[in-house]
Amino acid sequence: MKQDTDVLLDEKRVFKPSEEILKLANIKDWEAEIEKGKDIEKYWAEKAEQFVWFKKPEKTLDESNKPFYKWFVNGKINMAYNAVDRWIDTDKRNQVAILYVNERGHEKKMTYYELYREVNKFANALKNLGVKKGDRVSTYLPMCTELIVTLLACTKIGAVHSVVYSGLSVGAFVERINDAEAKILITADGTFRRGKIIDLKKVSDEAILQCPTIETVVVVKHTGIPIEMSELSGREIFYETLIEGEPAECEAEEMDAEDPLFLLFTSGSTGKPKGVLHSTAGYMVGTATTLKNAFNIHDGDLWWCTGDIGWITGHSYLLYGPLLLGTTTLVYEGAPDYPDPGAWWKIVEKYGVTKLYTAPTAIRHLMRFGNKYTKIYNLSSLKVLGTVGEPINPEAWMWLYENVGKENCPIIDTWWQTETGMFMIAPLPVTPLKPGSATKALPGVDADVVDENGNSVPPGKGGMLVIKKPWPSMFRTLYKDEKKYVDNYWKDIPGCVYTAGDIARKDKDGYFWIQGRSDDVLKIAGHRIGTSEVESAFVSYPAVVEAAVIGKSDPIKGEVIKAFVILKEGYELKTKLIEDLSKHVRYELGPVAVLGQIKQVDSLPKTRSGKILRRVLRARDRGEDVGDISTLEE
Ligand code: WT7
């Protein structure tokens, strides 16, 4: 939800850690750890020592070609080896690695050893399909164990995975797979959602007609609904058939620290979604370290990240982070309020979840039901709670703190991005907390709020959120678009500083208060979606001549879409057309694009060069002053 930061800065409540938290904490002195993290090279080099390297790095950071930084130079390593294989010879061998639970109450447990065997089998199967180091493999899968196995199998053999979120639809799917030039697609028959089964195969069948690079489609039988397999010369094959008889051993590919690990698409303010490219060693060190620090992870934890693997949250903190730390990670498939609004709390009680990481939008949704459901279940196993995706409003923070955490659990509000790969601004469990603030940059991260010249702004004043020094799990480039990587992120401020695209303030204690995006990117239920993507979806409908889209604030989703459309002669925005348009946008982009309102207009405010001034639409819509409109064409 868009915050009124003036009100936020008046937030005076401070929550200090309890005796118990202090006792359990890995890091007891927050300020001292931040001090230690100021020598970034030394700090991250030390963290890197906790992993298994085939060859140790020769140098921690190479800054010779800014902003194309290199971390852990010439180190050789394999991510899957560190997430899975290394635990096989330890006490963790038979510990549950993945606990899969769905909204129908079905569960599946996979120990580290079982995971190891299945990853190896699938890795061998991928090799048989001709997948080599550097090749791209795409997935369009629900939250299921096979998705985790697939991604780990890719990293084991050095293939670059590219996950397409199962909530995206045909248009978004085609764009992502074609940009990645993926060779293989792994999909499933369907996914469970609110008591229904959503047919994923149908979407994928339709989409891959437009994806010429896909050679093989692997299909997971997940829900068991009948599906049609194509007759096309063995192009489609079932997952279970494919791994049958494959050896359960597979050598881990020796990867260079800087070899690409995965591609993940995210929305920007202009044009098509951007392929964010992450590389191996830095990402590994960054995600594992930040998870361990911010959530105080240790043996015996049951970690639950409710985010989907289709987004960076799931990549970093459902899959890689927890497995790199040898934790048990819970994978939940379904809605938070199905079969009833106690669904999540029931899971916490049944399995004894210790750390829960979720999103403000989910909290706001569940808050509506009061404290009835959080009282029915025993939530005393919980030790630390966390959120991500957008600023958490103090009301939601307090609800989570009181009703779920019973005033015993610190709330770790984590600010980060697809591009940053890891948490950047977040407290540690011992940090004194202020509801609505992500507190300060984590140890080893240098964040600030600056003006356009790069000077820090005084407390209370708004500015651009920037990162001043490189960090290990930073993205390395935008796929096939180095120029855009440099121009979009490193050019706004003099001196090679990373601009995040967010507006923020710091208070007099140095705490960050994130205000929201400074660009034309919407945050719908924490999901990032570019206004221009939505506009192209509208315009691709025959009756629409032109469209402009802005975010409209929504009490639960944070923001939803408000669209202004110019229609072709003779068309009028009646119920039927609104329905058809909504359906069309959903078909193109998927359910993430939540439409709030469509309005028919005769013209749109534009600059003389033809750029739509969304700022003007936004201001008018909110009844605010439109500001400087000297560039407005009349
Ligand atoms: C944008 C990044 C990182 C995983 C999920 C989102 C917003 C994210 C917070 C937070 C305030 C936040 C920012 C950021 N955002 N977390 N704790 N407080 N804002 O990843 O889709 O790449 O979106 O999400 O606006 O720029 P993403």
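Just so you know, ligand 1 is whichever comes first in the structure, and atom 1 is the first atom listed for that ligand. This is a predicted model, so every value here is computed, not measured.
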Enter the distance from T290:OG1 to I412:CD1 here, rounded to the nearest 0.5 Å.
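T290 OG1 to I412 CD1: 12.0 Å, rounded to 0.5 Å.
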Numbering as shown, the atoms of ligand 1 that approach [X] to under 4.0 Å (heavy-atom distance):
X	result
I514	11 (C), 19 (N)
I312	3 (C), 4 (C)
E390	8 (C), 9 (C), 10 (C), 11 (C), 12 (C), 15 (N), 16 (N), 17 (N), 18 (N), 19 (N)
R528	2 (C), 21 (O), 22 (O), 23 (O), 27 (P)
V388	3 (C), 4 (C), 5 (C), 16 (N)

Which of the listed options, A438, G436, P391, holds the heavy atom that is closest to atom 19 (N) of ligand 1?
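It is P391 that holds the nearest heavy atom.
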Does any N or O atom in [X] lie less than 3.5 angstrom from one in ligand 1, N or O only?
X	answer
T387	no
G389	yes
T313	no
T418	yes

Would you find more than 12 non-hydrogen atoms of other residues, nucleotides or ligands less than 6.0 Å from [X] atom [atom1]?
X	atom1	answer
K292	NZ	no
K272	NZ	no
K523	NZ	yes
K406	NZ	yes

Just heavy atoms, cut-off under 4.0 Å: does T414 contact ligand 1 by side chain, backbone, both, or neither?
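Within the 4.0 Å criterion, T414 contacts ligand 1 through backbone atoms alone.
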For atom 13 (C) of ligand 1, what's the nearest protein heavy atom and its distance?
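Looking only at protein heavy atoms, the one closest to atom 13 (C) of ligand 1 is D502 OD2, 2.9 Å.
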Note the single closest protein heavy atom to atom 23 (O) of ligand 1, along with its residue, its atom name and the distance in Å.
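In this structure, atom 23 (O) of ligand 1 has K523 NZ, 2.9 Å as its nearest protein heavy atom.
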Would you mind checking if E181 and K480 are paired as a salt bridge, meaning a charged N to carboxylate O distance below 4.0 Å?
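The answer is yes: the pair qualifies as a salt bridge.
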Would you mind checking if D509 and K440 are paired as a salt bridge, meaning a charged N to carboxylate O distance below 4.0 Å?
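Salt bridge: no.
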May I ask you to check whether R136 and S162 show a side-chain donor-acceptor distance below 3.5 Å?
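Side-chain D/A pair, R136 to S162: absent.
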Do W303 side-chain atoms and L318 backbone N/O form a donor-acceptor pair below 3.5 Å?
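No: the side chain of W303 does not pair with the backbone of L318.
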